[in-house]
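In this chain, numbering begins with 1 at the start of the sequence shown. This is a predicted model, so every value here is computed, not measured.
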Amino acid sequence: MDNASDSQTHGFFIPKELLQEIGKMGNHTVIGMPKERVRGERRLVLTPEAVELLVGYGFHILVESGAGLGINYSDNHYSEAGAEIVETPSEVYHADLILKVLPPLPEEVAMMRQKTTICSFVPFYLLRQETYQMLINKRITAIAYDYWQDEDLRYQPIMSAMAEIEGYTSISIASDLLTNNHGGKGILLGGVAGVSPTEVVILGAGNAGTNAARAALALGASVKVFDNNVYRLHQIQRALGPSLFTSNLHPNVLRNVFQRADVVIGALHIDNPERRFVIAEGLVEIMKKGALVIDLRMNQGGCFETTCCLSPSDPDIFEQYGVLHFCKPFISNYVARTTSMAFSNLLIPVLSELEHFGNMQNLIKVNQGVKKGVYLYCGKPVNDYISGRFNMRSNNIDIYLTAF
């Protein structure tokens with residue numbers, strides 16, 4: 001009776017066999033947090049405050065020494081929160097559940113145990129085919145924050161939070177790059193009495209675009225937002241007021257505003273990764289000398305012709321046609337500590353469910369939002385888009401949930 005009532009409090013009915021399996025388990029999950037080894041990556045998934053909560057739930061947390069330095073937390077902070085600090089990455093990668101920000105490198109997968117679980121983003125330019133095949137061979141369950149949804153399947157909480165942070169951060173970066181300190185035109189992003197306001201063009205009325213527009217308007221800038229989704233344009237107009245200029249992606253209108261723009265921010269919402277809009281190079285070419293382009297979609301391939309198809313060896317800040325381009329992927333690294341706090345707030349409620357379900361495999365079976373994020377289940381490809389990039393077939397995850 002207790003088990004039945006507990007399952008109803010979570011809004012679903014759990015099969016009797018799964019309840020019996022869960023009943024035999026205590027919460028002995030070991031969570032590992034390694035250092036990120038990609039240049040420039042500072043973010044970490046859990047803060048010491050989050051670790052303290054999880055330790056209170058009975059988790060054993062392994063943190064690689066120095067992992068928190070990018071967000072200004074020392075090993076001592078994590079140790080005092082109850083984590084075990086380990087010196088070598090191999091110790092962390094032997095955990096039951098590995099929490100990363102970026103996908104693992106081949107040498108990191110080599111250190112992982114068979115049938116373990118890893119959570120990370122999966123930007124297409126960082127997830128290599130070699131890594132993907134190694135994860136399959138080790139029968140790893142891999143979960144992507146990019147596809148993770150809330151339990152009601154209404155939105156993607158982690159991606160929404162990252163977009164919100166990056167939208168605000170883009171205006172902070174633009175404000176800095178327009179000054180004389182960085183070779184900019186020496187203008188204030190915003191407006192003061194007697195001086196024409198800065199003209200900011202935002203492509204995309206999603207979460208990132210909305211928050212970039214909100215921040216720019218608060219500084220006094222003249223803001224124009226473009227999107228081909230009329231519903232999103234209605235949403236941003238309601239949120240920010242009727243004085244905000246909104247338009248669909250009409251070529252003639254875009255041409256006129258690009259000629260006057262001081263800052264153009266690319267935040268086009270990608271509903272279908274196989275069909276996306278790209279802003280033509282000709283529009284960048286007609287911009288004013290000293291203007292600025294910021295691309296918030298670099299981890300998804302970029303949304304300007306001048307920023308698409310850049311390799312990791314290409315500079316992420318460069319000038320073309322006299323226009324400064326800022327193309328750093330994941331600019332939430334500029335506010336890595338805030339980003340890590342947001343991560344922690346979103347992951348704690350989900351991870352705490354492991355107290356009831358024992359391991360990630362059981363949680364995936366009952367949590368629909370987490371299930372949406374799975375792209376490998378016990379080594380089996382279950383995400384069409386990711387497996388398609390590597391010319392592999394995938395199957396519906398439900399086929400395997402009853403078998404493993």
Side-chain angles (χ1 to χ4, degrees), residues 10 26-37 41-86 89 91-104 116-121 141-146 148-151 155-166 169 330 332-360 362-364 367 369-370 373:
H10 284 79
N27 182 22
H28 304 298
T29 304
V30 179
I31 297 176
M33 278 205 308
K35 281 195 293 194
E36 295 292 338
R37 286 170 166 78
E41 182 55 61
R42 300 184 183 93
R43 299 167 298 175
L44 204 60
V45 174
L46 299 176
T47 63
E49 294 81 6
V51 167
E52 187 173 10
L53 285 172
L54 290 173
V55 169
Y57 286 127
F59 292 94
H60 183 191
I61 313 286
L62 301 177
V63 178
E64 186 179 354
S65 180
L69 296 179
I71 56 173
N72 293 307
Y73 283 118
S74 67
D75 290 348
N76 205 36
H77 285 112
Y78 281 98
S79 180
E80 289 177 352
E84 179 185 347
I85 307 301
V86 297
E91 295 174 86
V92 177
Y93 282 102
H94 270 69
D96 305 309
L97 171 61
I98 298 159
L99 298 179
K100 289 183 91 280
V101 175
L102 298 181
T116 193
T117 301
I118 184 166
C119 300
S120 72
F121 285 114
T141 295
I143 304 173
Y145 304 131
D146 315 56
W148 190 313
Q149 296 187 22
D150 72 310
E151 228 172 315
Y155 74 111
Q156 298 169 302
I158 295 177
M159 293 303 289
S160 293
M162 294 304 106
E164 181 177 355
I165 290 168
E166 295 195 346
T169 305
F330 291 118
S332 53
N333 266 308
Y334 274 65
V335 287
R337 186 158 171 151
T338 295
T339 303
S340 298
M341 289 176 178
F343 253 125
S344 296
N345 292 341
L346 293 167
L347 289 182
I348 286 295
V350 177
L351 294 175
S352 65
E353 291 186 44
L354 288 173
E355 184 181 13
H356 302 286
F357 301 121
N359 59 44
M360 284 299 291
N362 288 337
L363 180 60
I364 289 165
N367 188 310
V370 175

| In Å and rounded to the nearest 0.5 Å, what is the CD to CD1 distance from Glu91 to Ile85? | 11.0 Å

| request: Go through the steps to decide whether Met162 and Phe343 satisfy the test side-chain contact (heavy atoms from CB on, under 4.5 Å), and finish with yes or no. | output: CA-CA 9 Å; Met162 294 304 106; Phe343 253 125; 4.3 Å; yes

| query | Which pair of heavy atoms, one from Ser332 and one from Ile165, lies closest together, and at what distance? | reply | CB-CG2, 4.0 Å

| remark: Correct closest heavy-atom pair for Asp150 and Pro157 would be N-CD, 3.4 Å

| message | Under a 3.5 Å cutoff, is there a donor and acceptor pairing between the side chains of Asp96 and Thr29? | response | no

| said: How close do Phe59 and Ile31 get, counting heavy atoms only, and between which atoms? | reply: CD2-CD1, 3.7 Å

| request: Determine, step by step, whether Leu97 and Cys119 satisfy the side-chain contact (heavy atoms from CB on, under 4.5 Å) criterion, reporting the C-alpha distance in whole Å, the side-chain angles of both residues, the deciding distance to 0.1 Å, and the verdict. | output: CA-CA 8 Å; Leu97 171 61; Cys119 300; 4.0 Å; yes

| field | Non-hydrogen side-chain atoms of Leu351 and Leu363 separated by less than 4.5 Å | value | no

| note | Heavy-atom nearest pair, Ser120 first then Pro104, reads OG-CD, 4.4 Å

| message | To the nearest 0.5 Å, what is the distance between CD1 on Ile364 and CE on Met360? | response | 5.0 Å

| task | Check whether NZ of the Lys or CZ of the Arg Arg43 lies under 6.0 Å from the centre of the six-membered ring of Phe330 and within 45 degrees of that ring's axis. | result | yes

| field | Exercise: identify the closest heavy-atom pair between Lys35 and Ala67 | value | CG-CA, 3.3 Å

| Do Phe121 and Met159 come within less than 4.5 Å of each other through their side chains, counting heavy atoms only? | yes

| said: To check you understand the geometry: which heavy-atom pair defines the closest contact between Leu46 and Tyr78, and what is its length? | reply: O-OH, 2.7 Å

| remark: Value for CG (Leu54) from CD (Glu49), rounded to nearest 0.5 Å, stands at 12.0 Å

| Between OH of Tyr334 and OG1 of Thr339, what distance do you get to the nearest 0.5 Å? | 13.0 Å

| So, Thr116 side chain and Ala95 main chain: donor-acceptor pair closer than 3.5 Å or not? | yes

| Flag, side chain of His77 to backbone of Ser74, donor-acceptor distance under 3.5 Å | yes

| query | Between CG of Leu99 and OG1 of Thr117, what distance do you get to the nearest 0.5 Å? | reply | 10.0 Å

| query | So how far is it from Asn367 CG to Gln149 CD, rounded to the nearest 0.5 Å? | reply | 10.5 Å

| query | Any donor-acceptor pair under 3.5 Å linking the side chain of Ser344 with the backbone of Val45? | reply | yes

| message | Consider side-chain hydrogen bond (donor to acceptor under 3.5 Å, both in side chains). Of Glu41, Arg42, Glu166, which one does Asn333 pass it with? | response | Glu41

| Between the main-chain N or O of Asp146 and the side-chain N or O of Gln156, is there a donor-acceptor pair closer than 3.5 Å? | yes

| Side-chain contact, heavy-atom cut-off 4.5 Å: Leu354 with Tyr57? | no

